[in-house]
Asker: 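One structure is given below, represented as structure tokens, and several questions about it will come after.
Order of the sequence lines sets the chain letters (A, B, ...), proteins ahead of strands, with each chain counted from 1.
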There are 2 protein chains.
Amino acid sequence: MAVPERGPRERMVFSAAQLIRRDGVSSTGMRDVAAHARAPRGSLQHYFPGGKEQLVNEAVGWAGRYAGNRVARFLAALPEPTPGALFALMVRQWTDEYETHGFGGGCPVAAATVDRAGSADSTREAASAAFTGWTGAVARALADMGVPAERSAPLATLMISSLEGAILIARAERSVRALTTVARELGPLLDAALPGAGSGPSPGAAPGSDAFLLE
Amino acid sequence: MAVPERGPRERMVFSAAQLIRRDGVSSTGMRDVAAHARAPRGSLQHYFPGGKEQLVNEAVGWAGRYAGNRVARFLAALPEPTPGALFALMVRQWTDEYETHGFGGGCPVAAATVDRAGSADSTREAASAAFTGWTGAVARALADMGVPAERSAPLATLMISSLEGAILIARAERSVRALTTVARELGPLLDAALPGAGSGPSPGAAPGSDAFLLE
DNA sequence: CCGCTACTATGACAGCGGTCATAGACGTCA
DNA sequence: TGACGTCTATGACCGCTGTCATAGTAGCGG
């Protein structure tokens, strides 16, 4: 909500992402997008001559860029950045939304993947690019923290996989349990990838370091 | 494929799960389900008077039970079961499918969650129950291996979250990379939860134990 | 005022999808 | 045989959706 004061085109892309992440791609109609963006219906065919597929692809791309930028902002907000703390922030973004706005929405990239990966190849590629960009941003953040180069990309993939899966489970259960669980379980493992750490703290029983406990 | 020789009703539930995991819930038509199950169209309203919602819910329930039973079978197939080896098998089920049958399908429970969680509450509950049953089966398996009771459920949630997310990414990328990555990264952490393990092996560099290397 | 481009406004269309209504086939039991 | 319950068969309906066609408006340079 609070549609920003951008042009109608950008508003429609933004609204498409919003509606897709709530209802899925197939259940989101073009008319709904225009109405949600308070944009004239006639503008759809003007700005998106490629039809729904183009609109969906741009929405997915927008979401991917948003997620990537968000990682950079998270990194900047951390006083002393560690991988586990970054992951806790990524998870917290979702727990905060679910606790204040309800469990209405998921990840638009996941939605696009689930019901277009098998039918619209361009959308599948858009989703792939979104995941790649997001993973790259996380991997760069990890590398900045000192995680060895050959470990940063795999760990980024693990973080995003766990987050996406936990989002799914959280929506189904209408509970943030899965999200807080993965943050708590994965945090110690992630911090153990830092060069300073020996074999790392005993996982799941990190004493004193409660950066993984959201709330 | 190879629709088993059950009754038409069961065939339709099975076919619904197949089609949902490939195309999503909204893009799967009732007529498609009947055709795929080689069942008469008229039987739909006879066996599923609750309409599409009932059919989808039963398909989700079927998938949840299937996943749970599969865990038990995995456990039985392991000569010396460890959490990491179980996870490797769960992941391998998907890499095998993707490498031999292509990236056409995902998890039907995930598909149902993505595009019905916000509209059909009964379907959301069915998905929640499926996740709960599946997680319970994994948690019991972990407990049987000797994982402490209070750690088995959180670890099961972590395993399923990572798997679901990796499935999403794998489909988008048309590559099993994300799947093999989460198996390799998570394996050592999971095995470290066994009582025998001290602080566990240095994650990601477990020497000799290549149970996490699929292929 | 003309011409041009950018954008908006509607109505129509063709297709599909879930559901309903109705009726037929088939076996079983009285 | 006839009634009954189970299952199958099919056509119709209605609402929705993406898309197209057509026309209108606004602003602007000339």
Side-chain angles (χ1 to χ4, degrees), chain A residues 3 5-60 108 111-112 114-116 118-123 126, chain B residues 3 5-60 108 111-112 114-116 118-123 126:
Chain A
V3 181
E5 270 309 330
R6 308 285 161 70
R9 208 198 119 99
E10 196 171 348
R11 287 209 313 275
M12 283 190 278
V13 173
F14 178 82
S15 289
Q18 291 268 100
L19 295 181
I20 286 170
R21 90 194 194 91
R22 183 184 299 274
D23 302 324
V25 175
S26 300
S27 304
T28 297
M30 302 285 271
R31 291 162 176 84
D32 302 340
V33 172
H36 184 273
R38 277 185 218 75
R41 191 167 70 89
S43 301
L44 278 171
Q45 77 177 277
H46 183 252
Y47 289 116
F48 306 96
K52 185 176 186 177
E53 188 165 332
Q54 182 187 357
L55 177 58
V56 170
N57 294 356
E58 296 203 20
V60 169
V114 158
D115 59 40
R116 282 298 188 269
S119 50
D121 209 60
S122 72
T123 302
Chain B
V3 182
E5 271 307 331
R6 308 284 160 71
R9 208 198 119 101
E10 194 171 349
R11 285 209 315 275
M12 284 189 278
V13 172
F14 177 81
S15 289
Q18 291 269 98
L19 295 180
I20 286 171
R21 90 195 194 90
R22 182 183 302 272
D23 302 323
V25 175
S26 300
S27 304
T28 297
M30 302 285 273
R31 291 164 174 82
D32 302 340
V33 172
H36 183 274
R38 278 184 217 74
R41 210 189 87 202
S43 301
L44 278 171
Q45 78 177 277
H46 182 253
Y47 289 116
F48 307 96
K52 187 176 186 179
E53 188 166 331
Q54 181 187 357
L55 177 58
V56 170
N57 294 355
E58 297 203 19
V60 169
V114 158
D115 59 38
R116 283 297 189 269
S119 50
D121 208 62
S122 73
T123 302

Asker: Taking atom types as modelled, is there a side-chain donor on B:Ser26 or B:Arg116 under 3.5 Å from an acceptor on the other?
Answerer: yes
Asker: Rounded off to whole Å, could you give me the CG-to-P distance for the A:Leu44 and D:dT17 pair?
Answerer: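 It works out to 13 Å between those atoms.
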Asker: Please find the pair of heavy atoms, one from B:Ala112 and one from B:Thr123, that lie closest to each other, and give the distance.
Answerer: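 Of all heavy-atom pairs spanning B:Ala112 and B:Thr123, the closest is CB-CG2, 4.1 Å.
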Asker: Rounded off to whole Å, could you give me the OH-to-P distance for the A:Tyr47 and C:dA6 pair?
Answerer: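 Taking OH of A:Tyr47 and P of C:dA6, I get 10 Å after rounding.
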Asker: Rounded to whole Å, please give me the gap between CZ in B:Arg9 and P in D:dT8.
Answerer: 12 Å
Asker: Between A:Glu53 and B:Ala39, just flag the one whose closest nucleotide in DNA chain D comes earlier from the 5' side.
Answerer: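 First, find each residue's nearest nucleotide; the 5'-ward one identifies B:Ala39.
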Asker: Counting side-chain heavy atoms from CB outward, which of D:dC20, C:dT8, C:dC20 is closest to B:Arg41?
Answerer: C:dC20
Asker: Round to the nearest Å and state the distance from B:His46 atom NE2 to C:dA25 atom C1'.
Answerer: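 Rounding to the nearest Å, NE2 of B:His46 and C1' of C:dA25 are 13 Å apart.
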Asker: Nearest to the side chain of A:Arg31, heavy atoms from C-beta on, is which of C:dT19, D:dG18, D:dT6?
Answerer: D:dG18
Asker: Looking at the side chain of A:Gln45, which of D:dT19, C:dT10, D:dA9 is the nearest nucleotide?
Answerer: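 Closest of the options to the side chain of A:Gln45: C:dT10.
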Asker: Ignoring the backbone of A:Met30, work out which of D:dT8, D:dG18, C:dT8 is nearest its side chain.
Answerer: D:dG18
Asker: Mind checking whether B:Ser43 and B:Arg9 have side chains closer than 4.5 Å, heavy atoms only?
Answerer: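 No - every pair of side-chain heavy atoms lies 4.5 Å or more apart.
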Asker: Assess the residue pair A:His36 and A:Asp32 against the criterion (side chain to side chain contact (heavy atoms under 4.5 Å, CB included)); give the C-alpha distance rounded to whole Å, side-chain angles, the decisive distance to 0.1 Å, and a yes or no.
Answerer: CA-CA 6 Å; A:His36 184 273; A:Asp32 302 340; 6.0 Å; no
Asker: Nearest whole angstrom, please: distance from the P of C:dG18 to the CZ of B:Arg116.
Answerer: 9 Å
Asker: What is the separation between atom CZ on A:Arg11 and atom C1' on C:dT8, rounded to the nearest whole Å?
Answerer: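 Rounded to whole Å, this separation is 13 Å.
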Asker: Take the protein atom CZ of A:Phe48 and the nucleotide atom P of D:dG18, then report the distance between them rounded to whole Å.
Answerer: 14 Å
Asker: Indicate, with a heavy-atom threshold strictly under 4.0 Å, whether B:Ser26 touches base, sugar-phosphate, or nothing.
Answerer: nothing
Asker: Rounding to a whole Å, what distance do you find between B:Gln54:CD and C:dT19:P?
Answerer: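 Rounded to whole Å, this separation is 10 Å.
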Asker: Taking the nucleotide of DNA chain C with the nearest heavy atom to each, does B:Val25 or A:Gly42 sit closer to the 5' end?
Answerer: A:Gly42
Asker: With a 4.5 Å cut-off on side-chain heavy atoms, are A:Val13 and A:Phe48 touching?
Answerer: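 Side-chain contact under 4.5 Å: yes.
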